[in-house]
Number of protein chains: 2
Amino acid sequence: MNNFLAACRSEPHDRVPVWFMRQAGRSLPEYRALRGDGSILDAIRDPKLAAEFTLQPVRRYGVDAAILYSDIVVPVAAIGFGVDVAPGTGPVVARPFASKADLDRLRPLDAARDTPYVIDAINAIVDELPDDVPLIGFAGAPFTVASYLVEGRPSRDYVKTKALMLGEPDLWRALMDKLADLAVASLRSQIEAGARAVQLFDSWAGALTIAQYVEHVLPASTKVFAAIADLGVPRIHFGVNTTNLLPFMAEAGAEVLGFDWRTPLTLRHTIRPVAVQGNLDPAVCFAPWPVVEREVRLVLSESEGAPGYIFNLGHGVMPETDPAVLARIVDLVHAEGRVA
Amino acid sequence: MNNFLAACRSEPHDRVPVWFMRQAGRSLPEYRALRGDGSILDAIRDPKLAAEFTLQPVRRYGVDAAILYSDIVVPVAAIGFGVDVAPGTGPVVARPFASKADLDRLRPLDAARDTPYVIDAINAIVDELPDDVPLIGFAGAPFTVASYLVEGRPSRDYVKTKALMLGEPDLWRALMDKLADLAVASLRSQIEAGARAVQLFDSWAGALTIAQYVEHVLPASTKVFAAIADLGVPRIHFGVNTTNLLPFMAEAGAEVLGFDWRTPLTLRHTIRPVAVQGNLDPAVCFAPWPVVEREVRLVLSESEGAPGYIFNLGHGVMPETDPAVLARIVDLVHAEGRVA
């Protein structure tokens, strides 16, 4: 039995699996050597490059899962909404979503036609990946993608997004529904091409109140998870600052909830039974090794050796992270992360 | 008995008091008309201007408390650490704090000599304020001020700050101790000049894990509150993203804890008895009035009519906020915020 997949399903396994959000990317010299400048979307559209970037951290770290080198705006960009990812800034939208007319700019995704490069990349990755290292596919959750489409760029306060959500709930619901369909189409195509697990990134949902989340966001995320349930792969659900939302996010139906470093892993006992993933503070990687070691052990101890736990950071690897530290973390988790 | 002061002390009072963090500032046309461009520090150094800016929202809204127009970097700037507040960016530091030698750049604050303009402003404010509207003084908490000094500018990840905290705990402790002393000197001078309550802003503490907070931050904030306890004014303690930290922040000793909008006010029952302040999502002010009205009522209902509750936003007023909405919120809270 594969440790990672078993942990996702809270089934018996003997060792704590480990991978890192954003393990592929800027922190790796072999990535920087090939990547060049320019939009990440161009790199993603090159299947050979995307496959190589996905495989690099698996070779270097011996992590228990690969995650597709991609971006949460790939589907909306592929259907021509006019999204790019500006280096150093993040997603930027030429004409932000503002009114009912903009719904027409969100046509359904035909993955084979619109994102063939994603499927080609996954085929190439699966050919090369060892059998015991599953590939994780992913998509942006409707709220987090909507926040970029409405704000037009990364935001701190999500004022326009919340104003739309609260002030025009019908339009908001229609937008969320379309974004849910896009995520479903993308995830289904990734799974059919060979992804053996998926993660839905609702990275910024933690900006919401519980009531806002439950009324205006949860239905769309639930729809995404329900619409891929028949494919039988484990589903991971993640966002930061979600302490108060986790019991509700759990209702969306994923097998695994990602915790950021603010939320003690022991909080899992207060929510619907799911596996948990997390939650080392990514900034800890910049401390001296004895501190990192102590903090990794603290996270492992909070996981209590129960099945259904996946070691990860509490958010993505920061670009300045020393890969040698991540390699030592993997070794430490593999050496000490036993499952009772 | 003054409603605001009684609520801070969880003593009997009959009406829910209301004020807004950052009620003085960019959202007011009468502020923009006087303010001009340039650093906020220049405006703060002009006591007449600072007094006027403090009084403007009291006149316009009829809020139950004034808050001093100031900035959390005023004390470190006043002792010559080399901090400015760049318009549109926030605090920037010419030579960030990086090593033991930088401790010498943090001499004690002599409030009468270093920040006479703060005392002059408070004198002018107190002269004009109605007796039943207390002035709230404030200071930045050691962690949040340290984050600016170490990062050199506003940060999302606090990597350098956490690396210093975890990697050089003795130096970190010395830094926090000096920043605690600065906050104490500033707060004491504000209270002696006429502030009748204070708020300690640990705005960014919510970036920390519980363990990081308890070991590396809580002692310094506790020191600040303890060192002003003899002056007998209510003390408010605030940060965002602090759901997991609130029970520990409560140990620092303040009479009032500020909640952001993520944390339901009902969570107060799980922590040491304190009064609570909050927590309308500032973004809600951009929704149509019926939505704002519903959300204000929701917040009031979560306060359960218990004494020891102060209505506020969950973070500062955003600059684009329509003052007319804030005025209606004050009226609504005054009309419906009864204390059982």
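The sequence lines fix the lettering, A, B, ..., with proteins before strands; numbering per chain opens at 1. Both backbone and side-chain heavy atoms feed into the values below; hydrogens, waters and symmetry mates do not.
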Original post:
How about residues 239-252 of chain B versus chain A: which residues have heavy atoms under 4.5 Å apart?
Top reply: Asn241(B), Thr243(B), Asn244(B)
**OP:** Could you tell me which residues in residues 146-163 of chain B have at least one non-hydrogen atom under 4.5 Å from a non-hydrogen atom of chain A, sorted by residue number?
**Re:** Arg156(B), Asp157(B), Val159(B), Lys162(B), Ala163(B)
Subject >> Best-contacting candidate, Gln212(B), Glu168(B), His315(B), against chain A by heavy atom pairs under 4.5 angstrom >> reply: Gln212(B)
**OP:** Look at Asp281(B), Asp260(B), Ile210(B), Val291(B) and state which one has the largest set of heavy-atom pairs under 4.5 Å with chain A.
**Re:** Asp281(B)
Original post:
When you look at CZ of Arg95(B), are more than 12 heavy atoms from neighbouring residues, nucleotides or ligands closer to it than 6.0 Å?
Top reply: no
Original post:
In terms of heavy-atom proximity below 4.5 Å to chain B, should Met165(A) be classed as side chain, backbone, both, or neither?
Top reply: neither
Original post:
Which bit of Glu295(A) comes within less than 4.5 Å of chain B, counting heavy atoms only: side chain, backbone, both or neither?
Top reply: side chain
Subject >> Region of Val292(B) in contact with chain A, defined by heavy-atom distances below 4.5 Å >> reply: neither
**OP:** For residues Pro288(A) and Gly167(B), report the shortest heavy-atom separation together with the two atoms involved.
**Re:** CD-CA, 3.4 Å
**OP:** For Arg262(B) and Leu208(A), indicate whether the former's side chain and the latter's backbone hold a donor-acceptor pair under 3.5 Å.
**Re:** no
**OP:** Please check if the side chain of Trp261(A) supplies one atom and the backbone of Ala207(B) the other of a donor-acceptor pair under 3.5 Å.
**Re:** yes
Original post:
Going from CG on Asn279(B) to OG1 on Thr209(A), what distance comes out if it is rounded to the nearest 0.5 angstrom?
Top reply: 9.0 Å
